[in-house]
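In listed order, ligands and their atoms are each counted from 1. Sequence positions, counted from 1, serve as the residue numbers for this chain. Note that the structure is a prediction, hence the values are computed from the model and not measured.
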Amino acid sequence: MATKNLSEYNTEKVPDASNMIFGIVVSEWNPEITGAMLEGCVNTLEKHGALPENIHVKTVPGSFELIYGARQMTLNDGYDAVIILGCVIRGETPHFDYICQGVTAGIARLNATNNIPVVYGLLTTENMQQALDRAGGRLGNKGDECAVVAIKMAKF
Ligand code: DLZ
């Protein structure tokens with residue numbers, strides 16, 4: 001597990017986002033985590049100039065549906081970058097591995113085949129505490145990191 005603070009970055013290296021349009025797809029599973037990630041993501045996009053009306057948020061039932069949601073958004077040429085936000089916590093079922101592998105492969109494929117970057121904001125943790133640590137807790141917020149990556153990739 002990374003110990004880097006996800007909210008720490010060099011602001012001077014982040015381009016101006018005032019002319020950029022972002023799509024965000026958020027999973028409803030573990031909503032206290034994905035809600036905090038979304039809040040961090042939107043705040044950081046706006047901190048770098050993105051206009052609230054240029055940040056479009058859609059929800060999907062679970063992380064596996066993030067692939068479909070991101071795909072639908074990338075079909076819309078209007079986006080400069082799409083961000084997926086989800087959280088999968090390892091349980092007693094094999095779902096964890098299947099879901100994580102599926103989402104990772106799906107998002108990788110979108111990045112390899114489309115013209116719009118899709119930023120991978122999927123927390124994959126052993127337990128709830130590790131997720132809380134990365135959703136505004138002691139290790140920062142994965143949503144902040146995704147916002148910065150999205151701005152940089154939109155500029156790429
Ligand atoms: C089924 C499932 C399980 C067991 N765990 C999670 C999870 O921790 N995080 C998450 O985002 N989604 C989970 N899901 C739901 C799946 O992502 C998906 O929504 C369902 O399998 C239906 O396709």
Side-chain angles (χ1 to χ4, degrees), residues 1-9 17 20-47 50 52 54-76 78-154:
M1 284 281 183
T3 52
K4 168 184 180 288
N5 187 306
L6 296 159
S7 298
E8 288 177 1
Y9 59 94
M20 296 177 181
I21 302 176
F22 299 95
I24 305 177
V25 195
V26 194
S27 165
E28 291 172 353
W29 264 75
N30 302 308
E32 65 276 47
I33 301 298
T34 58
M37 292 165 73
L38 176 62
E39 188 179 346
C41 186
V42 169
N43 286 344
T44 301
L45 290 173
E46 291 182 5
K47 177 179 158 186
N54 288 338
I55 302 171
H56 304 166
V57 180
K58 299 278 279 183
T59 59
V60 292
S63 287
F64 196 76
E65 287 71 45
L66 290 169
I67 307 163
Y68 179 86
R71 162 86 174 133
Q72 291 306 306
M73 280 195 162
T74 57
L75 290 175
N76 179 342
Y79 291 110
D80 292 291
V82 170
I83 302 163
I84 62 118
L85 299 174
C87 173
V88 192
I89 298 174
R90 190 186 290 275
E92 294 178 3
T93 71
H95 282 90
F96 179 89
D97 294 317
Y98 295 139
I99 294 169
C100 295
Q101 286 168 13
V103 176
T104 302
I107 299 303
R109 185 170 177 191
L110 289 180
N111 276 295
T113 55
N114 286 330
N115 289 325
I116 299 171
V118 180
V119 178
Y120 180 83
L122 185 70
L123 281 180
T124 59
T125 64
E126 296 294 321
N127 54 52
M128 179 58 82
Q129 187 56 56
Q130 288 181 347
L132 288 166
D133 290 345
R134 292 160 177 78
R138 70 181 181 88
L139 294 175
N141 193 326
K142 183 75 176 171
D144 294 343
E145 181 196 53
C146 288
V148 171
V149 171
I151 295 168
K152 288 182 175 178
M153 291 309 295

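Looking at ligand 1, you'll find an N or O of Cys87 within less than 3.5 Å of one of its N or O atoms. Residue-to-ligand polar distances keep His95 apart from ligand 1: every N/O pair is separated by 3.5 Å or more. At a 3.5 angstrom cut-off on N or O pairs, Phe64 counts as close to ligand 1.
Taking a 4.0 Å cut-off on heavy atoms, Ser27 registers as neighbouring ligand 1.
Taking each of Thr34, Ile33, Ile89, Val26 in turn, the one with a heavy atom nearest to atom 8 (O) of ligand 1 proves to be Ile89.
Side-chain N or O atoms of Thr74 include one that pairs as donor or acceptor with a backbone N or O of Arg71 at under 3.5 Å.
Both the backbone and the side chain of Val88 come within contact range of ligand 1, each with a heavy atom under 4.0 Å. At a heavy-atom distance under 4.0 Å, atoms from both the backbone and the side chain of Ser63 approach ligand 1.
With 3.5 Å as the limit, one finds no donor-acceptor pair spanning the side chains of Ser7 and Asn141.
Within a 6.0 Å sphere centred on CZ of Phe64, other residues, nucleotides and ligands contribute 12 heavy atoms or fewer. Residue-environment remark: CD (Glu46) exceeds the threshold of 12 foreign heavy atoms within 6.0 Å.
When side chains are defined from C-beta on, Leu85 does not count as touching Ser27, because their heavy atoms never get closer than 4.5 Å. Using a 4.5 Å cut-off on side-chain heavy atoms (C-beta onward), Lys4 and Glu145 make contact.
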